[in-house]
Amino acid sequence: TTINGLKADGFDVIVNRVGTAPLSACSIGAVRPGHQVTRTDSGFPGDSLTTAVISKTVYVDLTC
């Protein structure tokens with residue numbers, strides 16, 4: 001549920017998993033922020049600069 005919620009919020013989720021049990025038997029140890037990619041662009045010459053988030057990553061640590 002947590003992983004799907006993070007994906008729905010626009011995050012690229014990287015799972016760090018310890019153990020071989022099915023995901024339904026795992027518990028979350030931590031959710032850590034990762035790298036965020038932004039782009040700054042004026043659109044047209046002379047316009048003010050705007051910064052947009054292109055992608056954002058979060059790490060989910062699981063113990064299974």
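Just so you know, these numbers use all the heavy atoms, side chains as well, and skip hydrogens, waters and symmetry mates.
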- Item | Non-hydrogen atoms of Asp47 and Ser42 that approach each other most closely | CB-O, 3.0 Å

- Query: Can you get from Leu23 to Val18 by hopping between Ile, Leu, Val, Met, Phe, Trp and Tyr side chains that sit under 4.5 Å apart?
  - Reply: no

- Minimum heavy-atom separation for Ala21 to Cys26, with atom names? O-SG, 4.1 Å

- Do the side chains of Val13 and Ile54 join up, straight or via other hydrophobic residues, at under 4.5 Å, putting them in one cluster? no

- Determine, stepwise, if the pair Val58 / Lys56 fulfils side-chain contact (heavy atoms from CB on, under 4.5 Å). CA-CA 7 Å; Val58 67; Lys56 49 192 176 179; over 6 Å; no

- Query: How many angstroms lie between atom OG1 of Thr63 and atom CG of Asn16, to the nearest 0.5 angstrom?
  - Reply: 10.5 Å

- Message: Test your reading of the model: is there a side-chain donor-acceptor pair from Thr50 to the backbone of Asp41, 3.5 Å cut-off?
- Response: yes

- Query: In Å and rounded to the nearest 0.5 Å, what is the CG to NE2 distance from Asp12 to His35?
  - Reply: 11.0 Å

- Query: Are Tyr59 and Ile28 co-members of a hydrophobic cluster defined by side-chain heavy atoms under 4.5 Å apart?
  - Reply: no

- Query: If two hydrophobic side chains count as joined below 4.5 Å and joins carry through other members, does Phe11 share a cluster with Val15?
  - Reply: yes

- Query: About how many Å separate CG of Asp61 and CD1 of Ile14, when rounded to the nearest 0.5 Å?
  - Reply: 11.0 Å

